[in-house]
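Worksheet for the structure shown next.
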There are 2 protein chains.
Amino acid sequence: MNKELLHIKLVRELIAFIASGKYEDGVRLPAERKLCEQFNVSRGTVRQGLYDLEKLGILKIKPGSGAYVQKISQKKLPAHLLPLDFANVTFSDIIYARKAIETAAITLACEKINAHQIEELRQLTEKMEQAKDNLLEFLKLDTQFHQLIIHASGNMPLVTAFASIAEYHKYSQVFSSLYESEIHTAINFHKKMLSALNDHNVKNAVKAIIKHLEHTEQITKSAKQKNIFV
Amino acid sequence: MNKELLHIKLVRELIAFIASGKYEDGVRLPAERKLCEQFNVSRGTVRQGLYDLEKLGILKIKPGSGAYVQKISQKKLPAHLLPLDFANVTFSDIIYARKAIETAAITLACEKINAHQIEELRQLTEKMEQAKDNLLEFLKLDTQFHQLIIHASGNMPLVTAFASIAEYHKYSQVFSSLYESEIHTAINFHKKMLSALNDHNVKNAVKAIIKHLEHTEQITKSAKQKNIFV
DNA sequence: CCACATTGGTATATTAAATATACCAATTTA
DNA sequence: TAAATTGGTATATTTAATATACCAATGTGG
């Protein structure tokens, strides 16, 4: 058994942090002392992590100024820095696995979901409509929506399984611009899921979630996206 | 972020180790120095882990003699010692999730499986027949068989998802005695899966794996088993 | 029954990871 | 240009984990 080094854990967190933001155009990371608070580690550990990321070419550290993100999309990350094996993962693989897990989950959720959860889903769709222009926010809400359905299934193994898939999703997600019409379509699928869950209509719920995932897959395929972790 | 303490990791490993063996009747664990080799940690770490388990009432340590397993089935384990949330997990939940994941996996595997993998599966079924009397060995081979199918799917997210399910399975599995007829039935299902995979017959493969999992569920339900981690 | 090997119990020195603090020089900001 | 902020460096301390050695109690084989 091996010790888990804290700065390696931090590197993984930072990669996820960078990947879930705008990373292309030389954005500056929070100052080292801020990162200490944010991740609750000492400055020495933060500096080790940043040094590793600079060695990988992901960061350019400028003394007295800050750490600036380099073009991460062109980098290759060594496997041991990733929590999962990304070598042979396509977006379609993730969608396929999500279909399997989420279909099973929404089937259970149709029986077990309660009024409070329905209300939460309704509020999420509302927020999604308001977040049409904020892609990052929109995707965050989308993830929350799906997680809530999984939890509503009451099946912990499915929750765990989905969490591991979500980890892939988080890392591999490259944020291309979604057109307004596509966001609109996505919101409509969520409304259909919500309506079906409310009616305890398994057939419609499954249909809606599958269509939604296939739509997501199509968008991603048509965009000129690559997995940033090759 | 917190440091991962090695002896806590070891405690989890030991719980799984104990749970996957005969733990009821005061069996003696391997000597501390053996455990050091087995888990590749120092004796100090092993002793910390054993001390924790004794505090939990899972072990009774006798100086000069060894560490003896107590009736673990009556113990409650604190959540932080478990890698997953077992509070609300039934065996049926695990089977339900496995159905979702393994059905998706075997569908892909039917297309993608190669001759080498088929041969490996064949050898596993052979070994299973030879291990009819060794329940632990039999279950180990069963797990290997299923893992190989998932890998043959070539879908890494499914592999990850299944691994998280397997973690539940490992911990929650309470080994009641399987009757010979049940082992025989299980082997037959594996042969059907193998045959269907060999013929690239998706329909039969899915049918076989679902029947197999439902059979496993029935056996477990009929036995007087409780989840040991409540 | 006895000699010897094995087992858990204890103590100690050492290594390495992570923390905590302080101070410097370069950069940024007001 | 003065003050604040930033990365760079050095050092002392704490703690997890290792590595060794030795003891007393237990177990084992002749």
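Reminder, nothing fancy here: chain letters follow the sequence lines and each chain counts from 1. Just the heavy atoms: all of them, side chains too, but no hydrogens, waters or symmetry mates, feed the values below.
Atom C1' of nucleotide C:dA5 and atom CZ of B:Arg33 are separated by 11 Å, given to the nearest angstrom. C:dA17 atom C1' lies 12 Å from atom CG of B:Leu5, rounded to whole Å. Regarding A:Lys3, its NZ atom lies at a distance of 9 Å from the P atom of C:dA16, rounded to whole Å. Computed from coordinates, the A:Leu6 CG to C:dA16 P distance equals 18 Å when rounded to whole Å.
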(request) Kindly determine whether B:Gln144 and B:Leu141 satisfy side-chain contact (heavy atoms from CB on, under 4.5 Å), including the steps that lead there. (result) CA-CA 5 Å; B:Gln144 281 178 24; B:Leu141 292 167; 4.2 Å; yes
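For DNA chain D, the contact window with chain A, defined by any atom under 4.0 Å from a protein heavy atom, covers D:dT6 to D:dA17 in 5' to 3' order.
Looking at residues two or more places apart in sequence or on another chain, you find a side chain to side chain donor-acceptor pair (under 3.5 Å) between B:Glu129 and B:Lys191. Residues forming a side chain to side chain donor-acceptor pair (under 3.5 Å) with A:Lys99 (at least two apart in sequence, or on another chain): A:Glu214. Evaluation of the side chain to side chain donor-acceptor pair (under 3.5 Å) rule for A:Gln147 yields no partner, not counting sequence neighbours. Partners of A:Thr103 under the side chain to side chain donor-acceptor pair (under 3.5 Å) rule, at least two apart in sequence or in another chain, do not exist in this structure. A:Glu4 meets the salt bridge (charged side-chain N to carboxylate O under 4.0 Å, His left out) test with A:Arg12; sequence neighbours excluded. Under the ring pair (Phe, Tyr, Trp, His ring centres under 6.0 Å) criterion, B:Phe39 pairs with no residue at all, not counting sequence neighbours.
Annotation for A:Asn2: atom CG does not count as buried by contact number, only 12 or fewer foreign heavy atoms lying within 6.0 Å.
A salt bridge between B:Arg122 and B:Glu126 is present, with a side-chain N of the basic residue lying under 4.0 Å from a carboxylate O of the acidic one.
When atom types are taken as modelled, the side chain of A:Asp93 and the backbone of B:Asn155 share no donor-acceptor pair closer than 3.5 angstrom.
For A:His7 and C:dA17, the shortest distance from a side-chain N or O to OP1 or OP2 is not below 4.0 Å.
Sorted by first and then second residue, the salt bridge (Lys or Arg N to Asp or Glu O under 4.0 Å) pairs involving residues 33-45 of chain A (not counting sequence neighbours) are A:Glu32-A:Arg43.
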(request) Take nucleotides 25-30 of chain C nucleotide by nucleotide from the 5' end and write B, S or -, depending on whether a protein heavy atom sits under 4.0 Å from the base, only from the sugar-phosphate, or from neither. (result) -BSS--
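Scanning residues 40-51 of chain A for heavy-atom distances under 4.0 Å to DNA chain D yields A:Arg43, A:Arg47.
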Check: residues 54-67 of chain A side-chain donor-acceptor pairs under 3.5 Å, at least two apart:
unit_1, atom_1, unit_2, atom_2, d
A:Glu54, OE2, A:Ile61, N, 3.1
A:Ser65, OG, A:Tyr68, OH, 2.6

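An angle of 30°, rounded to 10°, separates the two end axes of the helix from C:dC1-D:dG30 to C:dA30-D:dT1, each defined over five pairs.
Between A:His190 and A:Phe145, the ring-plane angle classifies as perpendicular under the 30° and 60° cut-offs.
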